[in-house]
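The following block contains the structure, expressed as structure tokens.
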2 protein chains.
Amino acid sequence: MSIGARRPTIRDVAERAGVSLGTVSNVLNRPDRVALATRKRVLDAIEETGFVRSTAAYQLRAGKSRSVGVVILDVSNPFFTEMARGIEDVCRDSDLVVVLCSTDELAEREARYLRLLVEQRVQGVLITPAGRKLDGVERLRRQGMPVVLLDSRTGRRDICAVFVDDVKGGELAGRHLVEAGHRRIAFLNGPLSIRQCADRRRGLRQALKRAGLDPDRCVSEYHLGALTATQGEAVVPKLLADPARPTGVFCANDVVALGLLSGLRRLDSSTPEQLAVVGYDDVRFAAMLSPSLTSVRQPIYELGRTAGRLLLDEMTNPDHRHQQILFEPELVVRDSSSPLGPEGRGARRGRRR
Amino acid sequence: MSIGARRPTIRDVAERAGVSLGTVSNVLNRPDRVALATRKRVLDAIEETGFVRSTAAYQLRAGKSRSVGVVILDVSNPFFTEMARGIEDVCRDSDLVVVLCSTDELAEREARYLRLLVEQRVQGVLITPAGRKLDGVERLRRQGMPVVLLDSRTGRRDICAVFVDDVKGGELAGRHLVEAGHRRIAFLNGPLSIRQCADRRRGLRQALKRAGLDPDRCVSEYHLGALTATQGEAVVPKLLADPARPTGVFCANDVVALGLLSGLRRLDSSTPEQLAVVGYDDVRFAAMLSPSLTSVRQPIYELGRTAGRLLLDEMTNPDHRHQQILFEPELVVRDSSSPLGPEGRGARRGRRR
DNA sequence: TTGAAAGCGCTAACAG
DNA sequence: CTGTTAGCGCTTTCAA
């Protein structure tokens, strides 16, 4: 096919091979039903014309696509890309394509993407909802679309979900800070409409209460518009001017912590001497920051794989039973939250709890 | 629509609204041609039935989709996701969906994705080729598919491309190391089949030659299977056992440098005292590593936007002229390559050249 | 083993 | 303003 020419169809191939269009289709879909010689002629014709099947036509006939949608909050957060990789690795085995959509935590963009995915007739959707309402998810399910909640806790038993115990994760972080003697803690959180944010907050407060402290007095919360490095960096001046003068900070994820450390460094404020920092996710770069970042680890890739498998089961298994699979977080202590000392910074390699 | 029911079609909507199917289509595509009352009835029927247009059917009619393909080397590399964001931001304005494909530098996977994209009849493709051959790209173009090379130098004038001068980037890194007195330099590079890798290598060697040094003697090259943190970390033992005992390392990208620093730390080797490190890309986290990473900066987001605009132009403008747009790299010096001193580490915030 | 023909859901040209 | 109709490219009966 040369430039400008119309894309060749199965009909063009048939003509060239001197067979009917049905035969070409058979070569494509059930080659064993076609005589060897004919098959070869057709294959040659395909080669010569540069024919490539149209997904649209296939789909229209089949009534469904060969793809699944993955809706995440932020492509530039390694947490989500690693999770997506887990999903993709599972889907590849079933010859399914992953359509990746990043909402940037915007409900409006989520709605738009979900509509797009339905228009594309994806076979299923894996989603970390941007809001708490789940109305987008509900709409999908009402239409009979298999859906798995990604990294998103739910009390409901009628929908598949994989998630990590974020309340516990928040508590791990909180307890760690409290045990290190911090009584004025800043919490850089995202919108509470995001389930993970609300849960981590709850855990943090719980930890304080359990230590006999009053969260309302000890914690000053900063609600970032989004959990990004930019926002984490932008909040630094406010943080340093906070009348409560926090000595420790808990960031709702590592990307925010990255921004925070960046901002602190820019203002020549030192960590952890002046401000201890704890992140969340334990993404790859966390261990490598300056100082290395204490973080709450999640089994990210595994989360993705598990979610992918659940979706495949829901899509293909008539006896599918909805499951909510819970993973446990783990605190990894590093320099960003450690008191300095001769054996302090740098000596520590990350201690899990 | 309830679970298990067939998905409603435009025909179901028409029936429910008591109009013909053509009218429903008009409401969808040219609402002004339909009387207000009718339109309302149809809209209600759409709402009630839960009708969602099928992209497949639309495409089949239109002969094309509303999407473009973006083929990158690695989704988990912030360099590529930031570039993708630039592309997406441009495409959104034209109501185009971006299909993101990550080849992990595997030619085979690239071929598979390209085929998939053609099957989907994407309107254009932006690609960082996994190999040097460009045969996948050639095939696309022969089929009349608009293609823009992403971050990929080409001498050809008959194809759009955006790229940064990687030879110069390599040279910046090399000169910096040489000027700092390094005479035994390790180069952690990816496969030379990747254009960027070959170019950065050339630049590095050029810098040495210009300084009157012999690259063959001064540089020991390590060809990683892929430019990932894992590979960067895995090479550390070999690096430390290198008979040439390098004092400086140039990493072909920041993700590799991240892995390298990680591995060095694990083995208690110190940077930059024992080994100066220079990365490439200057992604967000580079400034925040421990030690902060000297890196060759590229205008990443801008690269994406520019590429997106070129593709849109090629797709829509009959007078389109192919352009190769070159950006300049910039060295950002930080602690990972600096000699330590009282005013040394930490004092430095990143100096551009 | 191959061919003919119906139809997937939709758009757009045309007729009324 | 609304309805009728011919396909878009393909898969899949059903006949030959």
Side-chain angles (χ1 to χ4, degrees), chain A residues 1 5-43 45-46 49-66 115-116 118-123 143, chain B residues 1 5-46 49-66 115-116 118-123 143-144:
Chain A
M1 178 194 181
R6 187 181 48 79
R7 213 168 247 299
T9 75
I10 208 173
R11 188 169 258 113
D12 299 319
V13 174
E15 205 163 299
R16 178 157 202 139
V19 297
S20 82
L21 122 195
T23 299
V24 177
S25 176
N26 278 333
V27 170
L28 257 23
N29 302 296
R30 278 144 357 213
D32 41 305
R33 289 203 193 168
V34 180
L36 193 64
T38 321
R39 200 193 312 170
K40 168 130 180 35
R41 272 218 317 292
V42 171
L43 257 14
I46 288 176
T49 52
F51 166 80
V52 181
R53 242 208 205 74
S54 153
T55 303
Y58 163 80
Q59 262 187 226
L60 190 52
R61 270 260 66 195
K64 61 179 186 185
S65 68
R66 306 281 303 137
R115 156 165 291 266
L116 239 33
V118 175
E119 286 184 357
Q120 293 201 46
R121 302 292 190 261
V122 293
Q123 290 196 35
Q143 299 175 15
Chain B
M1 175 195 180
R6 187 180 50 78
R7 214 169 245 300
T9 74
I10 208 173
R11 189 167 258 113
D12 298 319
V13 175
E15 205 162 300
R16 178 154 200 141
V19 297
S20 82
L21 124 195
T23 300
V24 178
S25 176
N26 278 334
V27 170
L28 258 21
N29 303 295
R30 280 148 347 224
D32 42 305
R33 289 203 194 167
V34 181
L36 192 63
T38 321
R39 200 194 310 170
K40 169 132 182 33
R41 273 220 316 290
V42 172
L43 257 14
D44 287 347
I46 287 176
T49 53
F51 166 80
V52 181
R53 243 205 201 77
S54 153
T55 302
Y58 163 81
Q59 260 188 226
L60 190 54
R61 268 257 71 193
K64 62 179 184 183
S65 68
R66 304 284 301 139
R115 157 164 290 265
L116 238 34
V118 175
E119 287 184 356
Q120 293 201 46
R121 300 294 189 261
V122 293
Q123 290 196 35
Q143 299 175 15

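Chain letters run A, B, ... following the sequence lines, proteins first, then strands; residues in each count from 1.
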* Asked: OP1 or OP2 of C/dA12 less than 4.0 angstrom from a side-chain nitrogen or oxygen of B/Arg33, does that happen here?
  -> no
* Would the number of heavy atoms belonging to other residues, nucleotides or ligands and lying under 6.0 Å from CZ of B/Arg39 be above 12? ->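 More than 12 within 6.0 Å, yes.
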* Structure fact -> Per atom distances to the B/Ala57 side chain, the nearest of C/dC10, D/dC1, D/dT13 is C/dC10
* Take A/Thr9 and B/Val34, find for each the nucleotide of DNA chain D with the closest heavy atom, and name the residue whose nucleotide sits nearer the 5' end. =>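 Comparing both residues, the 5'-ward one is B/Val34.
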* For atom OH of B/Tyr58 and atom P of D/dG9, their distance in whole Å ->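 Answer to the nearest Å: 14 Å.
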* Asked: When the distance from CZ of B/Arg61 to C1' of D/dC10 is rounded to whole Å, what number comes out?
  -> 15 Å
* To do: Give one of base, sugar-phosphate or nothing for A/Val24, where a contact means two heavy atoms less than 4.0 Å apart.
  => nothing
* Asked: So what does B/Ser54 touch, heavy atoms closer than 4.0 Å: a base, only the sugar-phosphate, or nothing?
  -> sugar-phosphate
* Nearest-nucleotide 5' precedence on DNA chain C, A/Leu21 against A/Ala35 ->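 The 5'-side residue here is A/Ala35.
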* To do: Could you check how far CG of A/Leu60 sits from C1' of C/dT11, rounded to whole Å?
  =>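 Result: 12 Å.
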* How many Å lie between CG on A/Asn29 and P on D/dT13, as a whole number? ->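 So the CG-P distance, A/Asn29 to D/dT13, works out to 12 Å.
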* Within the pair A/Arg30 and D/dT12, is there a side-chain N or O less than 4.0 Å away from OP1 or OP2? ->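 True: A/Arg30 side-chain N/O within range (under 4.0 Å) of D/dT12 OP1/OP2.
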* **Distance in angstrom units between A/Gln59 CD and D/dG9 C1', rounded** => 13 Å
* **Heavy-atom pair with the smallest gap, counting every atom of B/Gln143 and A/Gly50** => NE2-O, 4.5 Å
* Asked: Reckon A/Gly22 touches a base, only the sugar-phosphate, or nothing at all at heavy-atom distances under 4.0 Å?
  ->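 Base: the residue A/Gly22, judged by heavy atoms under 4.0 Å, touches a nucleobase.
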* To do: Can you tell me the distance, in whole Å, between the CG atom of A/Asn26 and the C1' atom of C/dG3?
  =>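 Whole-Å distance recorded here is 10 Å.
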* To do: From the options D/dT12, D/dT11, C/dT1, select the nucleotide whose nearest atom is closest to the side chain of A/Thr38.
  => C/dT1
* To do: Just compare C/dT2, D/dT11, D/dC10 and give me whichever is closest to any side-chain atom of A/Thr23.
  =>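 The nucleotide sitting nearest to the side chain is C/dT2.
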* Asked: B/Ile10 has a side chain; which of C/dT11, D/dT4, D/dG9 sits nearest to it?
  ->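 Taking heavy atoms from C-beta onward, the closest nucleotide is C/dT11.
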